[in-house]
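Counting convention: from 1, in listed order, for ligands and their atoms alike. These figures come from a predicted structure and were not determined experimentally.
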Amino acid sequence: MDITKILGGLRIAPTHTAPLYLQLANGLAAKIQDSTLAAGTKLPPERELAKLLEVSRTTSINAYRLLEKRGLVITKVGSGTYVNDLSITNQQTTAMSWEQLFTPQYQSPLSSILRTLIATPTANETISLAAGMPDPAFYPLNIIEKALTSNKYPSDAADYGYIATEGYLPLRHSLANWQGQFGIHATADQFLIVSGSQQGLYLIVKAFIEPQDYVIVESPTYLGAIQSLEASGARILTLPSSDRLNLELLEDYLIRYRPKLMYTIPTFQNPTGRVMSLQDRQELIRLAAHYRLVIVEDDPYSLLYYGQQPPASLKSLDTYGGVIYLGTFSKTLLPGLRTGWVTAAQPVINRLAQEKQHVDLHSNNLSQMILHICLEEDSLSKHLAFVRSEYKKRRDAMVHAIRRYCNDYMEFTIPEGGFYIWCTINSPASTTELIHRAAAAGVSFVPGIAFYTNGTRSNEIRLCFVTHNEDLLKEGIRRMGRILTSGAANGTQPTHTAGLPII
Ligand code: PMP
């Protein structure tokens, strides 16, 4: 059997809608299932396969990985990839070939990083500086309980049934009032309540983006946005995140590519913690108004400031109606309410509501009622004042600990708000290798690479300073210092990196 001939005959077309790796995996799967490739056959190494079919090595790696998941091949460490014995695997696994029935799924280069992150075992006592999660000890359960037992709860049973997709009307009114104090003047019909701002983002992508459309994002930026945009087939143009917005580059993009939208987190950005200056915001709006650019302003952190209040939101500066604003209670109150909102021009809200109907008809009524009562009773302001002062102490504790334990290895700017310290690491080890060392040392963080499109290499990491109390933060950073100053910790070399495209 001339395996090169068999494989060389596989047809892989870049123009096909399915990603290349999926086409390759499906082609190989067909040859395995009809026994053209017999059980036990050694398949060429990824590099050779890539060369033979003139695809990238990432494509062949991802194809083999998918086939392995489907049980069609097995990888023997240090030996290679072999066609599995289907007579055995068929008995062992389900009769349904689920993977073949699923629609093509975009495999982001980031997926492998996330897999590594998730697959890296962490001990129970691990101090997580990774997740962007408020401290559960600060969840305002008293406020929720008060709202639940208040007589402001609706007595009309109909309010507990299906409601308008746009959301619980009293909440849309109270949100409109509440946002008025931050200079965002919108009426209730310019609000769509969503199940977290991530859903809002997803609906916006659904409503605006077709494959090949151009979009602009800051680089680095929020991982959830990168994933939604990449999955839509958008072509991503990046604006390097820095203390000054690169307006020349932005204008160049606007003229050359006519992008569908720009996604930005102007205030206490995730992951960098940066704040776009008022002047840049005004310039951005001026340019966007001129080119009729849609701006998606994602704003989960602006109320979590630890010094001066940040500049006005883009939405409040919007002169041309093109800003779509995303808000959420996940970071200010608690993520489990799964309630966020979109504020935008009415036609946008209409279209997003239609998209939302395909997903969940409307967001949960009870969460919406609770939040409505919280806003009406102004219980949020007191809670915000409390968490601001606590998170400030935590930020300072982390800064202090970094200076004490990691001074020679980390560079950072102190963020004025939000959840994160973005650090540049000075170490010969890659940040993904450090993840494994960190896991062994009982601490976790997110490698910077996760926040760049196309898995751009980075020697940065994101540390979240709000989840734990000051003592734990200090201990977490002390452990970080240990992994940075020592070599690889006792036998914990990366186990997932072999053959991975980026790490
Ligand atoms: N946008 C940004 C910038 C975020 O950091 C997050 C949460 N990490 C979200 C959106 C999603 O938040 P939600 O819980 O509201 O879906």
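- Each of the atoms 4 (C), 5 (O), 8 (N) of ligand 1 lies under 4.0 Å from some heavy atom of Tyr301.
- Below 4.0 Å from some heavy atom of Arg338 lie the following atoms of ligand 1, by number and element: 13 (P), 14 (O), 16 (O).
- Every atom of ligand 1 with a heavy atom of Thr328 under 4.0 Å away is listed here by number and element: 13 (P), 15 (O).
- No part of Gln199 comes within 4.0 Å of ligand 1, judged by heavy-atom distances.
- Each of Phe268, Phe419, Tyr306 was compared with Tyr301 under the ring-ring contact (aromatic ring centres under 6.0 Å, His included) criterion, and only Phe419 meets it.
- At least one heavy atom of Pro300 sits closer than 4.0 Å to an atom of ligand 1.
- Put simply, the side chain of Trp341 reaches to within 4.5 Å of the side chain of Gln179, judged on heavy atoms.
- Closest protein heavy atom to atom 1 (N) of ligand 1: Asp298 OD2, 2.5 Å.
- Within the structure, the closest approach of Gln269 to ligand 1 does not fall below 4.0 Å when heavy atoms are considered.
- A cation-pi arrangement is found for Arg462 relative to Tyr420, the charged atom lying closer than 6.0 Å to the ring centre and inside a 45° cone about the ring normal.
- Every atom of ligand 1 with a heavy atom of Ile265 under 4.0 Å away is listed here by number and element: 3 (C).
- For the residues Ala131, Gly336, Ser330, the heavy atom positioned nearest atom 13 (P) of ligand 1 is part of Ser330.
- Two residues are said to be in side-chain contact when any heavy atoms from C-beta on lie closer than 4.5 Å; Glu283 and Leu245 fail this criterion.
- Two residues are said to be in side-chain contact when any heavy atoms from C-beta on lie closer than 4.5 Å; Leu239 and Ile216 meet this criterion.
- Other residues, nucleotides and ligands contribute more than 12 heavy atoms inside 6.0 Å of the NZ atom of Lys260.
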